[in-house]
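Below is one structure; the comments refer to it alone.
In the text below, chain A, chain B and the rest are named by the order of the sequence lines, each starting its count at 1.
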Amino acid sequence: MTTTEELILQVLQGLPVQVKRDRRIFISVPRNDLIKTVNILSNELNVQHLSTITARDAGSELEILYHFLLNGVVVTIRTTCPKDDPTIDTIVNIFPGAVLYERELNDILGIVPKGHPDLRRLVLPDDWVGGNPLRKDWKPPQESEE
Amino acid sequence: MRGVKLPIGPQHPALKEPENFTITLDGERVVDVDIRIGYTHRGIEKLMESRTYTQNLYLVERICGICSYAHVVNFTQNVEEVLGIQIPKRAEYIRTLFLELERLHSHFLWLVWQVMRSDLIHYLCIRGRTEKSSKISLK
């Protein structure tokens, strides 16, 4: 275990932390604690790089993972939101680089980041009306018969 | 000249893929940029959902034209971890060998892009890259 990993575990003491393997640390938090946890990473550990945000449809709920990088150690914050209320607090105020990732979440999984400054589509066409394709219950839009 | 908006793309000779940047200028200073991507979004994640692991190998190789090996090794390692598969030592060596060759290959290409202005170095780099690629064969 490197000194960075030891430092991270020391700062994150008390939070539900999981060490899966070398240089890979997971924290599972409820969505209300997301901003608080991101603030801890930003202020106390001085994390400056958000690698990416990924999300998936986990059946009954949506799972969102924020991957941060600190001295070669990937710290992932895992949080969930229910499908009937797919909202999450935006982290744009802390990590401005999250703007595009959160737009993508909104675009393909229908997760709404509350407080996001600019929620336009990112990857799907502007005139897309077919819903959120990465949801498991998504069906391709039927082609209209001429 | 405040707030001049300068659109670049989606089709532009300097861009390798279609994308659109609307740059807001204040005199000569860039004060804002609006990025629009997704013109060639292929929905690989969605395509992978309906395919088997073996079929996905060929899809993953096509994510990127010049770095096909890194993507497929990444995907394979994930599948191996999920299914608990141990691979033989020989496979590990072959993987490492090809990943390193691809790294060389990519750095050569980067170098080519950096020295586009100098014809001689450009052609030397392209020659080195092509010769290296053509000599790879695994018996």
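Of the two parts of Glu19(B), neither the backbone nor the side chain holds a non-hydrogen atom closer than 4.5 Å to a non-hydrogen atom of chain A.
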Please lay out, stage by stage, how Arg21(A) and Glu81(B) fare under the test salt bridge (charged side-chain N to carboxylate O under 4.0 Å, His left out). CA-CA 12 Å; Arg21(A) 54 177 179 271; Glu81(B) 196 176 315; 3.4 Å; yes
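Put simply, Leu41(A) and Leu15(A) are part of the same group of oily side chains (I, L, V, M, F, W, Y) that touch within less than 4.5 Å, one to the next. Ile37(B) and Leu6(B) fall within the same hydrophobic cluster, defined by Ile, Leu, Val, Met, Phe, Trp and Tyr side-chain heavy atoms under 4.5 Å apart, directly or through other members. Linking ILVMFWY side-chain heavy atoms closer than 4.5 Å, directly or via other members, places Leu7(A) and Ile40(A) in a single hydrophobic cluster. By the rule that hydrophobic residues join a cluster once side-chain heavy atoms approach within less than 4.5 Å of another member, Ile77(A) and Val99(A) end up as members of separate clusters. Met48(B) and Leu65(A) are members of different hydrophobic clusters when ILVMFWY side chains are connected at heavy-atom separations under 4.5 Å.
No more than 12 heavy atoms of other residues, nucleotides or ligands lie within 6.0 Å of CZ in Arg103(B), so this atom counts as exposed by the packing criterion. When the shell of 6.0 Å around CZ of Arg31(A) is examined, it contains more than 12 heavy atoms from other residues, nucleotides or ligands.
Note on Glu45(B) versus Arg56(A): no salt bridge recorded, every NZ/NE/NH1/NH2 to OD/OE distance being 4.0 Å or above.
Closest non-hydrogen pair, Arg36(B) versus Asp126(A), comes out as NH2-OD2, 2.5 Å.
Chain B is approached within less than 4.5 Å, heavy atom to heavy atom, by Arg120(A), Leu122(A), Val123(A) from residues 107-124 of chain A, ordered by number.
The backbone N or O of Pro133(A) lies less than 3.5 Å from a partner atom in the side chain of Lys46(B), making a donor-acceptor pair.
When the ring pair (Phe, Tyr, Trp, His ring centres under 6.0 Å) test is applied to Phe75(B), no partner is found at least two apart in sequence or on another chain.
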